[in-house]
Amino acid sequence: QVQLVESGGGLVQAGGSLRLSCAASGRTVSRYTMGWFRQPPGAEREFVAAIRWNSGSTYYADSVKDRFTISRDVARNTVYLQMNSLKLEDTAVYYCATKPYGLTYSIPNEYADWGQGTQVTVSS
């Protein structure tokens, strides 16, 4: 099992930026995909971005493409989500998660390990 700890959430004005971090421990994630998901108030959990740990290939939801960037630091076993040009609708609890390599990356139920989540609130 992998333990995931997110950090970096907070309150930011629309148009601002935040960087989320997710530190992984317990098991190597070298053959895994790391994903970021979010759950807005009263809504379902949704895919935000994913990165394949070994290759560094990245994938994004259309709603965040060109605004968010996912990256990883192999030495620190940490994945990041740089969020720029934040909008009110980005307000949510953000979670990181891991899944074994596979063709898909955006389905929450396929991810086995989850962090506790970090709140991101965008104000006007």
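All residue numbers refer to positions in the sequence shown, counting from 1. Note that these values count all heavy atoms, side chains included, but never hydrogens, waters or copies made by symmetry.
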Within 6.0 angstrom of Glu89 CD, more than 12 heavy atoms from elsewhere: yes
Smallest separation among heavy atoms of Ser124 and Gln13, with atom names: O-NE2, 4.3 Å
Side-chain touch Val2/Tyr32, heavy atoms, less than 4.5 angstrom: no
hydrophobic_cluster_shared for Met34 and Val120, side chain cutoff 4.5 Å: yes
Closest non-hydrogen atom pair, Tyr95 against Gly117: CD2-CA, 3.5 Å
Lys99 side chain vs Ile107 backbone, donor-acceptor pair below 3.5 Å: no
Heavy-atom pair with the smallest gap, counting every atom of Ser17 and Ser85: OG-N, 4.4 Å
CA sep, side-chain torsions, deciding dist, call: Leu20, Glu6, side chain to side chain contact (heavy atoms under 4.5 Å, CB included): CA-CA 7 Å; Leu20 305 183; Glu6 301 102 333; over 6 Å; no
Co-membership, hydrophobic cluster, residues Val74 and Tyr101, 4.5 Å side-chain: yes
Test item: Ser63 and Arg38 side chains (from C-beta on) under 4.5 Å apart, heavy atoms: yes
Residues Lys87, Asp90: salt bridge by 4.0 Å N-O rule: no
Flag side-chain contact, heavy atom, 4.5 Å: Val79 against Trp36: yes
Spacing of CZ belonging to Arg72 relative to OG1 belonging to Thr58, to within rounding of 0.5 Å: 10.0 Å
Spacing of Arg19 atom CZ and Met83 atom CE [to the nearest 0.5 Å]: 11.5 Å
Any residue meeting side-chain hydrogen bond (donor to acceptor under 3.5 Å, both in side chains) with Tyr59, in chain and number order, not counting sequence neighbours: Arg52
Check: Thr91 side chain, Val122 main-chain N or O, donor-acceptor pair, under 3.5 Å: yes
Student check: side-chain heavy atoms of Val5 and Gln3 closer than 4.5 Å: no
Side-chain donor/acceptor of Tyr94 to backbone N/O of Leu81, under 3.5 Å: no
Trp114 side chain reached by Leu4 side chain, heavy atoms, under 4.5 Å: no
Residue Gln116 excluded, over 12 heavy atoms near CD under 6.0 Å: yes
Test log, rule side chain to side chain contact (heavy atoms under 4.5 Å, CB included), inputs Arg67 and Tyr60: CA-CA 10 Å; Arg67 297 189 299 123; Tyr60 296 94; over 6 Å; no
Minimum heavy-atom distance Leu18-Gly8, with the two atoms named: CD2-O, 3.8 Å
SG-OH distance between Cys96 and Tyr80, expressed to the nearest 0.5 angstrom: 12.0 Å
Tyr111/Phe37 aromatic ring centres below 6.0 Å: yes
Expected output: side-chain Asn77 to main-chain Ala24 donor-acceptor under 3.5 Å: yes
Shared hydrophobic cluster for Tyr105 and Val48 (ILVMFWY, side-chain gaps under 4.5 Å): no
N/O donor-acceptor pair under 3.5 Å between Ser57 side chain and Ser55 backbone: no
Steps toward side chain to side chain contact (heavy atoms under 4.5 Å, CB included) verdict (Leu86, Phe68): CA-CA 9 Å; Leu86 282 161; Phe68 290 9; 3.8 Å; yes
For the student: nearest non-hydrogen atoms of Ala50 and Thr33, plus distance: CB-CG2, 4.0 Å
Interatomic spacing from CD in Gln82 to OG in Ser21 - rounded to 0.5 Å: 9.5 Å
